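Read the structure below first, then the notes.
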Amino acid sequence: MSSERGTTSEPGRNVAAPGSQLPKAYVPADVESRIYECWLAADVFAPDGAGANSEPGKEPFVVIQPPPNITGALHLGHALTLTLEDVMVRHARMEGHPTLWLPGLDHASIAAQYVLDKIIAADGETRESLGRERYLERMWTFINETREVMLGQERRLGASADWSRLRFTMDEGSAKAVRVSFKQLFDEGLAYRTEALINWCPGCRTSVSDLEVIPTPETGTLWTIRYHLVNETTGAPDPDAWIAVATTRPETILGDTAVAVHPEDDRYRDLVGRKVRIPFVDRDVSVIADAVVERAFGTGAVKITPAHDKDDHQTGKRHGLPMLTILGDDATISGSGTEFDGLDRYEARKRLVGELEAMGDLEGARPHEMILGRCQRSNDVIEPRLKTQWFVKTEPLAASSLEATRGGRTTIVPTRFEKTWEHWLTNIHDWNVSRQLWWGHRIPAWYCPDGHVSVSSEIEGPAACDTCGRPASELTQDPDIFDTWYSSGLWPFSTLGWPDDTDDFRRYYPGTVMETGYDIIFFWVARMMMLGIHLAEKPPFRKVYLHGLVKDPTGQKMSKSKGNIVDPLEAIDQTGADALRFALLNGTSPGNDQKFSSERLEDGRNFANKLWNATRFVLGARPASIDDARASRRESPDPAQLGPAEQWVLARAAATVAAVDRAYEDDNFGEATRVLYDATWSQYCDWGIELAKVRLADGSLPDAAREATWWSLVSALDTYLRLLHPIMPFVTEALWASLPHAEDDPELLIVARWPRVGKAAAATDGVVDEVLTLIRGIRNARAEAGIEPGRRLAASIRAPAEMAGVLSALQPAIDRLARVDSSLSDAAATEADPSGRLAVLAGRVSASLDPAAGDSAGASEEVAARERQRLEKELAEVQARLDGARSRLANPRFTERAPAAIVEGARKLEAELAEQSARLRAQLGA
RNA sequence: GGGCGAUUGGCUCAGUGGUUAGAGCACGCGGUUCACAUCCGCGGGGUCACUGGUUCGAAUCCAGUAUCGCCCACCA
């Protein structure tokens, strides 16, 4: 294997030598950066890296990430995205797939300009004062700073992305893809330039797409205004005849070109076709009939301003009305030819209303709840207005996207988002891609003095006008740039070399899974899908995985303005990257929002610490008979030497592999996390290690037995660390390095093999569980009776003969874990316990404990009373369950219709409960 | 106006038809056992939002209602 980019043997040694002792405390900061350096040095991130170690014949696994905006620091949402993607990639890598996770950053044109505008404002500068060229220079300086910060943050989180392929949506590869794709769309008639009503943000001074307009509820005013009818003979407005219109935007009166009423509205039937005079502009316009008018709303008559309202625009088009623009780019009144020209839209509104009132034409004004469109970026009220801009025709693209999801070529996780997807793509409008901004890809369209359009995919532009052949020198390029999502939409293939026919493109397109938050399903996912199918001829990914949003502990969306942001870096500093990743995964499910709190971080930190200490114990517990040399190679525990506890430990590990595999199949990483937390903590540590301690400490056993116990612990721990690696990569890598490895293991866990589901659980599995229940029962009885934890009690344990083998093997463990000195007997030899003893029932096993202190006879009154109480409680529970089981069995419809296995189970249960009930009664002397 | 989601112990969440609904945190009691007090043991705590239906059996399936949240939408 090549080692030009770093040796494959060094890194492991840098982590820790196998068998070496671990420091007493786990300090993530001491481990994480060192581990990351090891991965980098081993060159394992690239699918074809020197240490990538993928299995021949395995399909590449390609994860597509939303490149974060290059505007500054990462937030928790990014951390969640990166964590999920990293989990997927690490899992696939361990399964032997060549994995491609191509990292990148988005130039975020409008968002970046918004941020930069604020920064330069602090220096007293503006976009205009700098000019296009200097502004863009300033932008490059800015993003060159943020870039490194952001990439550093991604690494600290553990992202195992292929940094050698880092891309940026403003690099030349993206630029070329933008030009070529747009040229193609233009040639196909899918990109066109037209004057249309667009969403104008007066603050950002650009148009924005429908998606960037946030409908915001607001209490406005609904004014009722009289438009006087024009006398048909004199041509003068009639002071006594008018039609009253209702409006929330009086300033648009200046652009009115009609008044509409409902065609079947008897109140206005006679007025249709008449003229009314628009105040201030003294324009006579027609009263028209159109079914869009809601008769019940306002006065039932609507003023029509086709150049400044979406509905009115449609109405205007239907009726061939003139469309008068009366607002400038800065949202001041402009071109109305009135005294209001130059006034801000709201100032003009105020004055207009005042004057109307003075004229006696203001009939009324009342508060009105309404929805206002505001700019997603600047929060300015969006102004619909006419502009000549570039659009992408979406219907055919949307149709093939729908085909891809309906046909299952691309699936969406969780599936409920398919409905949203369907609805949006079915009702999609053409996409306005022009932006009147500077930071972004310039639209590759040139215009000649005769108005001909030439679109070119060449970096220098067209040599001459495509239509009339005028030379390039006479052409001018469109000053606008593309919507930032246009280049993002090309991401899955522009990053692989498209439009060139590259090896990367052939090998890694389409991607396996595209992972992102559901909040950008339209902005980004749908656009990638539409453009990918059309331009790269295949849906860009096979699976869409959508995660939920990270909210603050009260369920509020995190935002800078609310001040409830959690900085992922701070979290990592405090508790480690593994803890953060754990916190982001544990207790979550696909597509569902999560509330993030510091408690969850602590859970993760505690868990990492637990793993650390468990491993530390295992390393320190190695039997002396295994010397350092032997301990450097992992051995399988000798099957002949396995006791019930060892079999149990191995069986639990095997069951965990199966459960985790199932969780991955279901794309449920929260479930995988939960399963592993429980398996390692509540099973492996609480029982596996505790049981093993007994045997490891038993000098009377042959070396081979103790060795088997230790190898069992090592084997299970090895499995758990592998399973946990995608979730908590740093601590698992560090710990795994210190464990003995198998012959064919690589140096680093990151490229170690994912565990395979082992053989079926050992036959003793269920019996061991009964013993654990017994131990718990004894502990409970002791605690309830108030017996000092340290005191050893004499216990006689009874169990059916078939359990005798396991029981005697585990007797020392029972004694240690339950603090008893036990004697075993056959269950058949049962007789009522002498009074004053504690009775413990655990399924088929029972125990009788003597609570008396070693030197004094008989239990105290208090202990006896508490014991009686406990037994009564237990009896009540058993009895309730027994009654339930009996009534179920007494129901013939149950016994007839329920599956045989269920009925059989109920019978067995009934028998068991009856037996327990009887024993408890006997014990209580009832 | 349409659609989606949530509603389970004090809190955060699992659990999609089958015995006794789970976990972590918080809470109470007890613990310096030689991996871990970022820990260990034990315990209390839920009529699974409500109503009706399907079923031998419902937190789980169906219908409806309520509350909260989100998305989409051209009543000025």
Side-chain angles (χ1 to χ4, degrees), chain A residues 22 24-26 215 222 245-249 252 260 292-294 296-299 301-305 309-315 368 370-371 414 416-417 419-420 422-424 427 518-519 521-522 548-549 551 553 555 557 575 579 586-589 591-597 599-600 602-603 605-621 668 670-671 674 677-678 682 685-686 689-690 693 697 776 779-784 786 788-790 816-817 819 877-878 880-881 884-885 888 891-899 901-903 905-906 908-910 913:
Chain A
L22 293 168
K24 181 139 170 89
Y26 173 50
L222 187 67
V245 296
T247 182
T248 54
R249 306 191 50 202
T252 61
V292 285
V293 179
E294 284 288 333
F297 187 88
T299 61
V302 190
K303 58 189 264 331
I304 302 295
T305 321
D309 182 273
K310 238 177 180 176
D311 294 342
D312 291 4
H313 186 70
Q314 293 302 321
T315 311
H368 179 60
M370 57 186 201
I371 304 289
R416 69 180 133 93
F417 285 103
K419 231 171 193 173
T420 318
E422 284 273 338
H423 182 257
W424 193 74
N427 300 293
Y518 65 73
D519 53 332
I521 185 166
F522 307 134
L549 274 29
K551 307 279 192 69
K557 207 170 165 174
T575 56
N586 193 31
T588 65
S589 46
N592 287 334
D593 295 349
Q594 60 173 303
K595 289 174 193 154
F596 189 87
S597 62
E599 287 82 11
R600 302 177 56 152
E602 277 167 30
D603 288 347
R605 179 201 55 183
N606 295 352
F607 186 41
N609 184 61
K610 188 71 179 177
L611 293 171
W612 183 268
N613 280 299
T615 307
R616 218 157 60 81
F617 168 78
V618 170
L619 289 174
N668 196 337
E671 170 71 5
R674 204 162 34 244
Y677 183 86
D678 179 66
S682 306
C685 290
D686 288 352
I689 286 185
E690 294 307 320
K693 279 177 182 173
R776 257 190 293 255
R779 285 170 174 174
N780 172 311
R782 295 175 55 120
E784 297 272 311
E788 305 86 280
R816 175 181 165 125
L817 299 181
R819 307 282 307 168
E877 275 168 22
V878 167
R881 292 180 57 202
R888 203 171 311 120
N891 183 351
R893 284 182 301 185
F894 171 67
T895 46
E896 283 158 24
R897 299 197 198 181
I902 298 292
V903 176
K908 256 177 94 177
L909 177 70
E910 195 248 287
L913 291 170

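Only a predicted model underlies this, so the values are computations on that prediction, with no experimental measurement involved. Protein chains get the first letters and strands the later ones, always in sequence-line order, with residue 1 at the start of each.
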Stem segments of RNA chain B by first residue number [Watson-Crick or G-U, under 3.5 Å, at least 3] = B:1-7 with B:66-72, B:10-13 with B:22-25, B:27-31 with B:39-43, B:49-53 with B:61-65

For the pair A:K693 and A:E690, find out whether any cationic side-chain nitrogen is under 4.0 Å from an anionic carboxylate oxygen.
-> yes

When we call it a touch if two heavy atoms are under 4.0 Å apart, what does A:D519 touch: a base, just sugar-phosphate, or nothing?
-> nothing

Report yes if a side-chain nitrogen or oxygen of A:N780 is closer than 4.0 Å to either non-bridging phosphate oxygen (OP1 or OP2) of B:rG43; otherwise report no.
-> yes

For B:rA76, does either OP1 or OP2 sit under 4.0 Å from a side-chain N or O belonging to A:K303?
-> no

So, A:K595 and A:S597: side-chain donor and acceptor under 3.5 Å apart, yes or no?
-> no

Base of B:rC36 paired with side chain of A:K610 (donor-acceptor, under 3.5 Å) | yes

How long is the line joining CD of A:E690 and P of B:rC34, in whole Å?
-> 11 Å

Mind calculating the distance between CD (A:E599) and C1' (B:rA23) to the nearest angstrom?
-> 16 Å

B:rA76 phosphate, OP1 or OP2: any side-chain N/O from A:H368 under 4.0 angstrom?
-> yes

Nearest-Å distance, CZ (A:R888) to C1' (B:rU19)?
-> 6 Å

Salt bridge between A:E671 and A:R674, side-chain N to carboxylate O under 4.0 Å?
-> yes

Using a cut-off of less than 4.0 Å, is there contact between a side-chain N or O of A:N586 and OP1 or OP2 of B:rG24?
-> no

Taking OP1 and OP2 of B:rA14, is either one under 4.0 Å from a side-chain nitrogen or oxygen of A:S589?
-> yes

Would you say B:rU12 has OP1 or OP2 under 4.0 Å from some side-chain N or O of A:K595?
-> yes

Donor-acceptor contact below 3.5 Å, side chain A:R819 vs main chain A:G790 = yes

Is it the case that A:N613 and A:R616 place a side-chain donor and acceptor less than 3.5 Å from each other?
-> yes

Report yes or no: is there a donor-acceptor pair, N or O only, under 3.5 Å between the side chain of A:K693 and the base of B:rA35?
-> yes

Would you mind classifying the nucleic acid contact of A:P899 as base, sugar-phosphate or nothing, using non-hydrogen atoms under 4.0 angstrom?
-> base

Starting from the 5' end of RNA chain B, give me the residue, A:L909 or A:E602, whose nearest nucleotide shows up first.
-> A:L909

Taking B:rU38, B:rA35, B:rG18 as options, the one with an atom nearest any side-chain atom of A:N606 is B:rU38

